Amino acid sequence: MARDKVWVDCPICGEEKSMEFRKNQVFKVSNKDIGEINVGGLSGYFCKSCSEGFYDISSRNKIKFAISEAKAKALSEIVKAAEVETITRLAKELHTSKTYAIQAMREGKVSSVFVAGEMRPFKKSIEQAKALYLARKKKKLVNH
């Protein structure tokens with residue numbers, strides 16, 4: 001499992017011993033497709049001088065999920081019900097487990113939509129994910 005880096009000196013402005021750990025930070029993002037998102041309860045290291053910083057791993061995961069959830073809600077209004085697929089099909093097409101397929105949707109690696117309060121993949125997103133999977137597999141074969 002990955003561990004968070006303990007920051008002391010700011011890599012952005014170069015100020016020494018300026019990084020401090022802060023809790024209960026709020027991340028705000030605005031996008032024309034998904035609207036405005038505010039994710040609270042985040043933590044990480046931030047510079048006292050320039051205010052730049054880095055969220056910890058769990059906070060970055062919260063941000064990724066909030067963004068993928070907002071995208072799924074926005075796509076739910078566009079994607080037709082006939083285009084929605086099962087998580088089992090996504091897992092089968094990517095040659096992986098259902099758990100990884102769900103994680104890929106939560107992290108925004110595979111686009112999804114909301115159906116009855118549940119994130120689900122759709123045909124086009126499965127095709128895109130499969131194309132990426134095959135490209136990576138081909139690249140590995142060529143490099144080895």
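Numbers here simply count residues along the sequence, with the first being 1. Predicted model only: the values in this text are computed from it and were never measured. Side chains are part of it too, since the values below use all heavy atoms of this structure and drop only hydrogens, waters and symmetry mates.
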Task: Sidechain-backbone polar pair: Ser43 side chain, Lys23 backbone, donor-acceptor under 3.5 Å - done: no

Task: Pairwise side-chain contact, Cys13 with Cys47, heavy-atom cut-off 4.5 Å (strictly under) - done: yes

Open item on the list: With a 4.5 Å cut-off on side-chain heavy atoms, are Cys50 and Glu15 touching?
Closed with: no

- [ ] Answer yes or no: is there a side-chain heavy-atom contact under 4.5 Å between Arg22 and Leu42?
- [x] no

Task: Residue pair Ala101 / Ile87: nearest heavy atoms and the distance that separates them - done: CB-CG2, 4.1 Å

Open item on the list: I want to check something: taking the side chain as every heavy atom from C-beta on, are Thr86 and Arg120 in contact at a cut-off of under 4.5 Å?
Closed with: yes

Open item on the list: Any heavy-atom pair between the side chains of Val110 and Ile126 that's under 4.5 Å?
Closed with: no

Open item on the list: Keeping Asn24 on the side-chain end and Gly41 on the backbone end, is there a donor-acceptor pair under 3.5 Å?
Closed with: no

Open item on the list: For Tyr45 and Phe54: C-alpha separation, side-chain torsions, deciding distance, then whether ring pair (Phe, Tyr, Trp, His ring centres under 6.0 Å) applies.
Closed with: CA-CA 5 Å; Tyr45 285 89; Phe54 305 94; 9.0 Å; no

TODO: Taking atom types as modelled, find out whether Ser59 and Asp56 have a side-chain donor-acceptor pair closer than 3.5 angstrom.
DONE: yes

- [ ] Without swapping roles, check the side chain of Ser125 against the backbone of Pro121 for a donor-acceptor pair under 3.5 Å.
- [x] no

- [ ] Verify, without hydrogens or angle tests, whether Asn38 (side chain) and Lys28 (backbone) share a donor-acceptor contact under 3.5 angstrom.
- [x] no

Task: pair Phe46-Gln25: side-chain heavy atoms closer than 4.5 Å - done: yes

Open item on the list: Would you say that Ser18 contacts Asp9 through its side chain, given a criterion of any heavy-atom pair below 4.5 Å between the two side chains?
Closed with: no

TODO: Take atom CZ of Arg106 as the centre, draw a 6.0 Å sphere, and report whether it contains more than 12 heavy atoms from other residues, nucleotides or ligands.
DONE: no

Task: Within-4.5 Å side-chain heavy-atom neighbours: Val26 and Val39 - done: no

Open item on the list: If we check side-chain contact (heavy atoms from CB on, under 4.5 Å) with Ser68, which of these qualifies: Met119, Lys109, Glu107?
Closed with: Met119

Task: Value rounded to 0.5 Å, distance of CE in Met105 from CG in Leu90 - done: 6.5 Å

- [ ] Could you tell me whether Lys123 and Glu83 have a side-chain N and a carboxylate O separated by less than 4.0 Å?
- [x] no

